[in-house]
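Read through the structure below, which is laid out as structure tokens, and then see the notes.
Just so you know, these numbers use all the heavy atoms, side chains as well, and skip hydrogens, waters and symmetry mates.
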Amino acid sequence: MRIAILSRNKKLYSTRRLVEAGEERGHEMPVINHQRCYMNITSHKPSIHVNGAVIEGVDAIIPRIGASISFYGTAVVRQFEMMGVYSVNESVAITRSRDKLRALQLLARKGIGLPITGFANSPEDTEDLLKFVGGAPVVIKLLEGTQGVGVVLGETKKAAESVIEAFSGLKANFMVQEFIKEAGGADIRCFVVGDKVVAAMKRQGKEGEFRSNLHRGGAASLIKITPEERSTAVRSARVMGLNVAGVDLLRSNHGPVVMEVNSSPGLDGIENATQKNVAGMIIEFIEKHAKHGKTRTRGSG
Ligand code: ADP
């Protein structure tokens with residue numbers, strides 16, 4: 001097969017591993033920089049071009065779209081879909097999961113465990129918002145943040161109010177969440193391919209840090225997850241409509257709660273922590289499922 005990886009950088013670990021895993025299984029694995037793609041959006045014969053050449057003969061794509069260029073990236077994925085090319089994660093599913101608030105609302109509708117989360121527009125509602133997430137300490141999150149940036153712990157009511165006031169003043173959208181203290185600064189990344197968790201790791205934040213992001217100095221280790229965690233992760237990916245997803249969970253007193261469902265989960269942390277060939281499993285999934293014109297909107301809402 002000819003499986004294109006949409007990635008802005010060939011040298012990234014995840015991109016390199018997907019190329020390697022695909023070639024090992026006998027596929028042609030071009031890397032296409034989606035930012036350099038341009039599109040002819042015409043009925044009957046939509047096309048995608050790079051550097052003056054038209055892209056042809058692609059059987060499937062693996063989108064690796066960074067959060068900062070979601071809008072353009074998903075437009076390119078959609079254009080491939082219009083051409084009948086199979087995408088392992090569809091554009092609608094990527095868009096759903098990228099919008100943190102929409103994603104939580106969709107998960108809540110399906111009864112998936114979540115930290116109690118509040119969202120408001122007016123600073124006048126801060127008091128009530130803090131009350132229904134259980135009062136301080138609370139976690140305040142910018143909707144646009146990634147890799148732990150813009151995730152703040154408001155330890156006291158006063159501190160939380162100040163942060164909310166500051167974010168509101170900057171006209172930033174944010175949500176307020178129950179602080180899952182018992183997670184102890186650790187979260188669980190479940191790597192889902194199809195309807196299985198194929199690998200899982202625990203990420204522990206540095207001493208004194210409640211955020212476990214590896215980019216913030218968190219450390220990854222192997223973990224055995226419970227059947228409930230496994231099914232929560234698989235169901236979350238399904239609600240988003242993602243075939244490949246990184247589902248981040250916290251272990252709370254009221255069971256596993258989902259923080260985020262990532263549509264371009266990194267392979268370096270998970271492959272190194274588990275020594276599993278996750279890239280190979282993604283390729284295998286594509287071999288089984290990719291068919292021309294087999295794009296349909298999955299997930300819910
Ligand atoms: P980002 O998408 O920027 O990584 P997250 O929502 O995943 O933001 O939060 C970053 C980290 O902060 C998480 O990995 C987790 O360790 C911690 N965290 C986030 N929300 C909570 C919460 N409600 N309770 C406890 N810890 C949290």
Task: Mutual orientation of the aromatic rings belonging to Tyr38 and His49 [parallel < 30°, tilted 30-60°, perpendicular > 60°] - done: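 Answer is parallel, since the angle falls under 30°.
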- [ ] With Arg17 as reference, evaluate Glu23, Glu24, Glu271 under the salt bridge (charged side-chain N to carboxylate O under 4.0 Å, His left out) test and give the passing residue.
- [x]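 Among Glu23, Glu24, Glu271, the one that satisfies the salt bridge (charged side-chain N to carboxylate O under 4.0 Å, His left out) with Arg17 is Glu271.
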Looking at [X] and [Y], what are the two nearest heavy atoms and their distance?
| X | Y | result |
| --- | --- | --- |
| Pro256 | Glu229 | CB-CG, 3.8 Å |
| Asp187 | Met259 | OD2-CE, 3.6 Å |
| Ile41 | Gln79 | CG1-OE1, 3.8 Å |
| Arg98 | Ile65 | NH2-O, 2.6 Å |
| Ile94 | Ser263 | CG2-OG, 3.6 Å |
| Val50 | Cys37 | CG2-SG, 3.8 Å |

From [atom1] ([X]) to [atom2] ([Y]), nearest 0.5 Å:
| X | Y | atom1 | atom2 | value |
| --- | --- | --- | --- | --- |
| Gln204 | Ile188 | CD | CD1 | 11.0 Å |
| Asn272 | Ser221 | CG | OG | 13.0 Å |
| Ser7 | Gln35 | OG | CD | 11.0 Å |
| Ile223 | Thr274 | CD1 | OG1 | 13.0 Å |
| Phe174 | Glu144 | CZ | CD | 11.5 Å |
| Arg238 | Leu242 | CZ | CG | 12.5 Å |

Task: Sequence neighbours excluded, every pair satisfying ring-ring contact (aromatic ring centres under 6.0 Å, His included) that has a member inside residues 250-272 - done: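 Residue pairs with at least one partner in residues 250-272: there are none.
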Open item on the list: One pair to check against side-chain contact (heavy atoms from CB on, under 4.5 Å): Ile116 and Gln177. What are the steps and the verdict?
Closed with: CA-CA 6 Å; Ile116 303 169; Gln177 223 164 46; over 6 Å; no
Task: Partner of Ile282 by side chain to side chain contact (heavy atoms under 4.5 Å, CB included), out of Asn277, Leu18, Ile3 - done: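 By the side chain to side chain contact (heavy atoms under 4.5 Å, CB included) criterion, Ile282 pairs with just one of Asn277, Leu18, Ile3: Leu18.
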Open item on the list: I'd like to know if the side chain of Thr42 reaches the main chain of Lys45, judged simply by a donor and an acceptor atom lying under 3.5 Å from each other, with no hydrogens or angles considered.
Closed with: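 No; zero donor-acceptor contacts below 3.5 Å.
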Task: Main-chain N/O of Gly266 paired to Ser14 side chain as donor or acceptor, under 3.5 Å - done: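 Not confirmed, Ser14 side chain does not pair with Gly266 backbone.
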- [ ] Decide side chain to side chain donor-acceptor pair (under 3.5 Å) for Asn213 and Arg203; before the verdict, give the C-alpha distance in whole Å, the side-chain angles of both, and the deciding distance to 0.1 Å.
- [x] CA-CA 7 Å; Asn213 303 70; Arg203 297 178 299 192; over 6 Å; no
- [ ] Take Glu81 and Tyr86 through the test side chain to side chain donor-acceptor pair (under 3.5 Å) and record every step on the way to the result.
- [x] CA-CA 6 Å; Glu81 290 165 3; Tyr86 174 86; over 6 Å; no
Open item on the list: Is it the case that over 12 heavy atoms from other parts of the model lie below 6.0 angstrom from the NZ atom of Lys100?
Closed with: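 Yes, enclosed.
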